[in-house]
Amino acid sequence: HQGLAVYFDTSGSLSAFRPYELRIADVLREYLPLQLYVFADTVVEVSREAFAAGHYPQGYGTSFEALLEHFAGLPEEAAVVFTDGESSCAADWGDRLRVAGKRLYVVYLAGWREQGIGSPLDQFATDRAVLTLPR
């Protein structure tokens, strides 16, 4: 399966990034099949149109466990996660994803801070990047 799963953390602290996230999703969609998901406490699939209009559930916490469990059950081999990194997960996810042949890429949405950005996902992510807001 050649598609890509894209997960956007919908915690309130990331609302300033929504226009950038939407543009990123549109750029990715030009090049490959894409499934969009939002996550906080749970994971929900969302259409590009619903995402653009802000019609998706927003949770109170962020659960990497829910995200990783969801991704593990998908046919997509790769996922990109957009998050501020404020969550935790069990360390054995790295082995579980490797065994399943899955690759996880993390993009940290960092506001204006550029230092000290990371999360437990860094232990097993294939790669990571930090996106800061323009000043």
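Atom CG of Leu28 is separated from atom CZ of Arg48 by 12.5 Å, given to the nearest 0.5 angstrom.
Side-chain N or O atoms of Gln123 include one that pairs as donor or acceptor with a backbone N or O of Pro120 at under 3.5 Å. Put simply, the side chain of Lys102 gets close to the backbone of Leu74: a donor and an acceptor are under 3.5 Å apart.
Of the N and O atoms on the side chains of Gln35 and Glu76, not one donor lies less than 3.5 Å from an acceptor on the other residue. Looking at Tyr7 and Thr83, their side chains never bring a donor and an acceptor atom within 3.5 Å of each other. Side-chain atoms of Arg18 and Tyr20 form no donor-acceptor pair, as typed in the model, at a separation below 3.5 Å. Side-chain contact check for Glu65 and Trp93: at least one donor-acceptor pair (N or O, by modelled atom type) lies under 3.5 Å. Looking only at atom types and distance, the side chain of Tyr108 has no donor-acceptor partner in the side chain of Asp9 under 3.5 Å away.
Contacts of Arg96 classified as side-chain hydrogen bond (donor to acceptor under 3.5 Å, both in side chains), with partners at least two apart in sequence or in another chain: none. In this structure, Phe71 has no ring-ring contact (aromatic ring centres under 6.0 Å, His included) partners at least two apart in sequence or on a different chain. Remark: Asp41 engages no residue in a side-chain hydrogen bond (donor to acceptor under 3.5 Å, both in side chains) (not counting sequence neighbours). For Ser87, there are no side-chain hydrogen bond (donor to acceptor under 3.5 Å, both in side chains) partners at least two apart in sequence or on another chain. Looking at residues two or more places apart in sequence or on another chain, you find a side chain to side chain contact (heavy atoms under 4.5 Å, CB included) between Ala53 and His55. Applying the side-chain hydrogen bond (donor to acceptor under 3.5 Å, both in side chains) test to Tyr37 and every residue at least two apart in sequence or in another chain returns nothing.
What you find for Leu121 and Cys89 is that their closest heavy atoms are CD2-SG, 4.1 Å. For Leu34 against Ala25, the heavy-atom pair with the smallest separation is CD2-O, 3.4 Å. Closest non-hydrogen pair, Ala52 versus Leu22, comes out as CB-CD2, 3.6 Å.
Within the 4.5 Å cutoff, side-chain heavy atoms of Ile117 are placed close to those of Arg128. Using a 4.5 Å cut-off on side-chain heavy atoms (C-beta onward), Leu109 and Glu21 make contact. Looking at Ser119 and Phe64, their side chains come closer than 4.5 Å, going by heavy atoms from C-beta outward. Residues Val106 and Thr126 fail the side-chain proximity criterion, which asks for heavy atoms closer than 4.5 Å. Under the 4.5 Å side-chain criterion, counting only non-hydrogen atoms from C-beta, Val81 is not in contact with Val6. With a 4.5 Å cut-off on side-chain heavy atoms, Leu104 and Asp127 do not count as touching.
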*Under the side chain to side chain contact (heavy atoms under 4.5 Å, CB included) rule, what do Ser63 and Thr42 come out as? Steps first, then yes or no, please.*
CA-CA 7 Å; Ser63 173; Thr42 59; over 6 Å; no
*With side chain to side chain contact (heavy atoms under 4.5 Å, CB included) as the test, would you mind laying out the steps for Phe124 and Leu68 before giving the verdict?*
CA-CA 12 Å; Phe124 49 82; Leu68 294 166; 4.0 Å; yes
*Start with the C-alpha gap between Phe51 and Tyr56, add the side-chain angles, then the distance that decides, and say whether ring-ring contact (aromatic ring centres under 6.0 Å, His included) holds.*
CA-CA 7 Å; Phe51 188 68; Tyr56 50 83; 5.4 Å; yes
*In sequence, state the C-alpha distance, the side-chain angles, and the governing distance for Ser11 and Asp84, and then conclude on side chain to side chain contact (heavy atoms under 4.5 Å, CB included).*
CA-CA 9 Å; Ser11 58; Asp84 59 6; 4.0 Å; yes
*Please lay out, stage by stage, how Ile24 and Leu131 fare under the test side chain to side chain contact (heavy atoms under 4.5 Å, CB included).*
CA-CA 11 Å; Ile24 289 165; Leu131 178 64; 3.9 Å; yes
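Under a hydrophobic clustering in which Ile, Leu, Val, Met, Phe, Trp and Tyr are joined whenever their side-chain heavy atoms come within less than 4.5 Å, directly or via other members, Val27 and Val46 fall into the same cluster.
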